[in-house]
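Written out below as structure tokens is the structure these notes cover.
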Amino acid sequence: MHRRHLLIGGASLVALSGYAASGAAMESGMTASAVALSTADEARIARAVLPAATPRAELLQPWTGPYEGVPPWDKVTAPKMRQAVMEGIELQRADIAAIANNAEAPTFANTLVAMELVGEPLDRAINIFSVMTSNIGGDDWDALETELSPILSAAGDEITFNEKLFQRIKAVADGADAAGLNAQQKRLAERSRDSFIRNGAALNAAGKAELGRINTELSNAFTGFGQKVVADENTWTVIANEAGLKGLPESNKAAAAAAARTRNVQGWAIVNTRSSVDPFLTFADDRALREQVWKKFVKRGDNGDANDTKSTIARIVALRQQRARLLGFANHAEWRMQDTMAKTPAAAMDLMQRVWAPAKARVAEEVADMKAIAGFDIEPWDYLYFAEKVRKAKYDLDQNELKPYFELHAVRAASFYMAERLYGFVFKPLPKGTVSTFEPDVTTYEVTDKATGKLIGLYYADDFARPGKRSGAWMTTYRSFSTLTGSKPILASNNNNFVKAADGQPLLISLDDAETLFHEFGHALHYFSSVVTYPSFGNTPRDFVEYPSQVHEHWVLSRPILDGYMKHVETKQPMPQALVDKIEASSTFNQGYATVSYLSSALVDMDLHTQATPPTDIAAFEKASLDRLGMPKEIVMRHRLPQFNHLFTSDAYSAGYYSYLWSEVMDADTWAYFEESGDVFNPDIGGRFKSIILAPGNTTDRGDAYRQFRGRNPDVKALLKVRGFPVS
């Protein structure tokens, strides 16, 4: 928990160093050391500082079983979790007190390395807790999250506001050169010091008290927002007659029928999540039903009822502004972007504005083409439907032609092939029951290195939607790599929200869904590739983290993947090149819609978080912001503010939704690198991507890492070219 709190602005993966130096000297009395210590010696010194503790709570115990311990999902209950978190906080508090009150002069090992090991039992519990609230949900977990979120927030603030602790960290960082710290140690010490300052460690007592109040209130608001959106997503539109499904592929009809059965309703159910709604909007002929389904989806959190989130948003942005001012920043965006590649809101806005104008121009062209077919003005619930008609007319490409090639299990197998070709990772399915899972539908895979046979980790796949599970797709790690903590196998999961097919029927997904699966798998590959010494370097900056995942989307339509895995579910033949050519010819089709729907959300996010006076009327602000942008009336934001989980369930993506575009510049430029080599599985480039981009994270600036990999800065023209926009 503490490490996540400490690096609230984002950290990175770190390169393994065979040794690390310990010791520092400065005015505060730190003593210099000429002896370089091994990582094992650093860990020994650090653990000697921390009190020996034997946790009582079951969910605080070290994990046991295969793979050097796995989460005990079969033992997890909400009451046990409450007990674990409350005791875990006390154990963490004792760890912090031992470091802060250490009578010895501060050194890198007895302070910074010790901080890396703080709260390990609580970390284990929180990793399980986050999965239960995101993937399972329900009244018990919602109630526990509501109770514990402010308590955990206060526990984090207690660490940041510990004056003795901060002075020790500051002493090590300020005296890094005098003590002879190596580059990795110095970076860790300085980033820790700067993160503490950025999060209020240098405030006076009154300032800390005020910041603690703000953070606790924000934590409550984040929890409330997320629970309200999940409640609105746990709804559906009933299609009473089969005529209302006219135009839908059989696979989508079957999924809607299965969704209705599991919800004990007659007819067919279009669940209020994107994976169910988008296919309906794309293929359903009934315009009135499309409007009904669209409105239910875009009105999540915006219905003036108990689940309405707008007042919660207003409170969140007001609190964020108060916090930014208290910490010496003009606005939340300025504070939030201190530890990013972009650095400033202006830099992010410059990139977004460069893409916004050509994207809007392309929308006007797309709308004209659709209107020519429709014969009436295009409304937002018409866009995907008539775009599909235009695609068919212009490129003789029907999305229904594609879905039979993308059966879920085949797509996942293809992703494993990609990982093996690029990085030498082998994924072996495990029999049910080999390890405990949090839900029976979760499947597990052992991950090994092809060249050496060495165990890398364990991969969990949680593919299906269920009541209580949050929408979308994401990656989670239960345990990351760290030589400092013992280099145990990495435990990572991918989580999707596919609607189950009827019994015995294949689950066919769209090309977009297949690319999303590869995207989230890219996040997992990032962690499986990690070579980390210090746990705080376990993540990358927010506007870098999407880059390694986005680039993996490109392999979906590579010829080796298509020939080996994307075979027609009935004919068993691979996708013919003629069909691939149609896809590639239409690859820039509808990019106006895709870009404007995403980028409007990113621009409104930045607009909201750079306001001198936070808005109180969120609906009015959203409209005014879109009006300032000249938002095309035929399109709605991909994430409207009332349901924008990225922004309002935590600070993670706030003033940071631009990061997908920032990362896409590097992603497009990297794919061009592979293509220009003549082999999209080029082993030299793949190896360099793994060793420079995926493994050695924030020991160095991520921009420097990209330049080392590519030989130059990323070229934004590659992004514009991929989207089919003018490059001049």
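- Because its NZ or CZ atom is both nearer than 6.0 Å to the ring centre of F464 and within 45° of the ring axis, K500 counts as a cation-pi partner of that residue.
- Cation-pi geometry between R640 and F644 is not met: the NZ or CZ atom fails to fall both under 6.0 Å from the ring centre and inside 45° of the normal.
- Each of W474, Y445, W555, F427 was evaluated against F521; a single residue qualifies, F427, per the ring pair (Phe, Tyr, Trp, His ring centres under 6.0 Å) test.
- Shown here for A514 and V556, the closest heavy-atom pair between the two residues is O-CG2, 4.0 Å.
- Considering only heavy atoms from C-beta on, D382 stays 4.5 Å or farther from M370 through its side chain.
- Listed by first and then second residue, the salt bridge (charged side-chain N to carboxylate O under 4.0 Å, His left out) pairs that reach into residues 363-374 are R362-E365, D369-K394, K371-D377, sequence neighbours excluded.
- N400 and P249 make their closest contact through OD1-CG, 2.7 Å (heavy atoms, listed as atom of the first residue, atom of the second, distance).
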Checking E546 against H523 for the side-chain hydrogen bond (donor to acceptor under 3.5 Å, both in side chains) test, could you report, in this order, the C-alpha distance in whole Å, the side-chain angles of both residues, the deciding distance, and whether it holds?
CA-CA 8 Å; E546 297 298 338; H523 283 303; 3.1 Å; yes

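- Applying the 6.0 Å contact sphere to CG of D139 captures no more than 12 heavy atoms from other residues, nucleotides or ligands.
- Ring pair Y653/H646 is perpendicular by interplanar angle, where above 60° counts as perpendicular and below 30° as parallel.
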Between Y405 and H568, is a ring-ring contact (aromatic ring centres under 6.0 Å, His included) present by the stated rule, with each step listed?
CA-CA 4 Å; Y405 293 97; H568 195 284; 5.2 Å; yes

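- Within a 6.0 Å radius of CG in D140, no more than 12 heavy atoms belonging to other residues, nucleotides or ligands are found.
- The existence of a salt bridge linking R391 and D396 is excluded, since no basic side-chain nitrogen approaches an acidic carboxylate oxygen closer than 4.0 Å.
- Classification of the H639-Y657 ring pair by plane angle, with boundaries at 30° and 60°, yields perpendicular.
- Taking the ring centre of Y385 as origin, the terminal cationic atom of R287 falls outside the region bounded by 6.0 Å and 45° from the ring axis.
- The existence of a salt bridge linking R723 and E664 is confirmed by a sub-4.0 Å separation between a basic side-chain nitrogen and an acidic carboxylate oxygen.
- Looking at every heavy atom in both residues, N272 comes nearest to F297 through OD1-CA, 3.2 Å.
- Considering K228, K296, K310, K295 as possible partners of D302, the one that fulfils the salt bridge (Lys or Arg N to Asp or Glu O under 4.0 Å) test is K310.
- The two residues E145 and T223 make their nearest non-hydrogen contact at CG-CG2, 3.7 Å.
- Nearest heavy-atom pair, Y478 versus P71, reported as atom, atom and distance to 0.1 Å: CD1-CG, 4.0 Å.
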